[in-house]
Amino acid sequence: MQLQEKYPDQLQTITLNLDYDQTGQGPSNDLQQEIVEKLDSLGINTENLICSTQTHQALDALQIATLPSAIVYHADGKLAKKFDGDLDFRSKVKPFVESLLSQPNTP
């Protein structure tokens with residue numbers, strides 16, 4: 001989220017919460033409220049999506065092996081890179097995103 005604040009005109013972040021509500025009726029109101037409260041407590045102010053698909057199905061669809069993960073897309077929607085597993089935001093994701101943003105005519 002620090003990158004979103006640093007580059008508000010060049011970058012859009014989205015969080016995807018994969019806490020699956022076992023009732024199968026989509027995220028319950030309680031779960032939604034819990035997620036929003038947690039994001040607020042962490043100072044995360046960005047678009048948040050709450051998955052209504054079982055976690056393993058969502059991971060398969062996104063082709064993510066493990067959590068936590070970060071998926072970086074170019075502005076045209078093409079995948080730039082996936083980071084999953086032992087995710088080190090500061091040493092891996094942040095430098096990668098900043099290198100993309102520093103390139104002229106980044107798609």
Side-chain angles (χ1 to χ4, degrees):
M1 302 313 126
Q2 294 167 345
L3 287 173
Q4 175 73 50
E5 292 171 4
K6 187 174 180 180
Y7 304 102
D9 296 330
Q10 295 175 276
L11 183 70
Q12 176 62 51
T13 58
I14 299 170
T15 61
L16 173 62
N17 188 290
L18 295 177
D19 289 333
Y20 178 69
D21 188 343
Q22 298 300 322
T23 65
Q25 303 298 315
S28 68
N29 289 337
D30 289 342
L31 178 59
Q32 292 178 51
Q33 185 62 33
E34 182 181 328
I35 291 167
V36 169
E37 288 173 1
K38 180 64 174 179
L39 293 172
D40 285 347
S41 75
L42 295 171
I44 296 174
N45 183 21
T46 190
E47 183 76 24
N48 178 58
L49 304 175
I50 303 172
C51 191
S52 60
T53 303
Q54 290 186 6
T55 303
H56 71 279
Q57 291 175 330
L59 292 174
D60 287 348
L62 293 168
Q63 298 179 341
I64 296 172
T66 59
L67 295 174
S69 67
I71 305 172
V72 180
Y73 293 94
H74 293 282
D76 64 2
K78 291 182 182 175
L79 177 66
K81 187 168 183 167
K82 288 184 187 182
F83 300 86
D84 60 353
D86 186 19
L87 181 65
D88 186 338
F89 179 81
R90 289 179 193 208
S91 70
K92 295 180 181 176
V93 179
K94 183 180 179 200
F96 179 77
V97 170
E98 287 183 325
S99 74
L100 288 178
L101 294 173
S102 69
Q103 295 174 7
N105 300 319
T106 300

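A quick note: this is a predicted structure, and the numbers were derived from the prediction, not measured.
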His56 vs Leu59 side-chain heavy atoms within contact, under 4.5 Å: no
Distance-minimising heavy-atom pair for Gln4 and Gln12: OE1-CA, 3.1 Å
4.5 Å side-chain heavy-atom contact, Leu87 and Lys92: no
Flag, side chain of Thr46 to backbone of Thr13, donor-acceptor distance under 3.5 Å: yes
Test item: Leu62 and Leu16 side chains (from C-beta on) under 4.5 Å apart, heavy atoms: yes
Shared hydrophobic cluster, Val36 / Leu42 (ILVMFWY, side-chain heavy atoms < 4.5 Å): no
Flag side-chain contact, heavy atom, 4.5 Å: Gln103 against Leu100: yes
Minimum-distance pair of heavy atoms, taken over all atoms of Gly85 and Thr66: CA-OG1, 2.8 Å
Sequence-distant partners of Glu34, salt bridge (charged side-chain N to carboxylate O under 4.0 Å, His left out), two or more places apart: none
Side-chain (Ser69) to main-chain (Asp84) donor-acceptor, under 3.5 angstrom: no
Heavy-atom check, side chain of Asp19 versus side chain of Ile50, under 4.5 Å: no
Interatomic distance, Tyr73 atom OH to Lys81 atom NZ [nearest 0.5 angstrom]: 15.0 Å
CG on Leu49 to OG1 on Thr15, rounded to 0.5 Å: 6.5 Å
Rounded distance (nearest 0.5 Å) linking atom CG of Asn48 with atom CG of Leu39: 5.0 Å
Minimum heavy-atom distance between Asp76 and Lys78, given as atom pair plus value: OD1-N, 3.0 Å
Within 6.0 angstrom of Lys38 NZ, more than 12 heavy atoms from elsewhere: no
Spacing of CG belonging to Asp60 relative to OG1 belonging to Thr55, to within rounding of 0.5 Å: 11.0 Å
Spacing of CD belonging to Glu5 relative to CG belonging to Asn45, to within rounding of 0.5 Å: 8.0 Å
Heavy-atom pair of closest approach, residues Ala80 and His74: CB-NE2, 3.6 Å
Nearest-0.5 Å distance that lies between atom CG in Leu31 and atom OG in Ser52: 11.0 Å
Side-chain touch Val72/Phe83, heavy atoms, less than 4.5 angstrom: yes
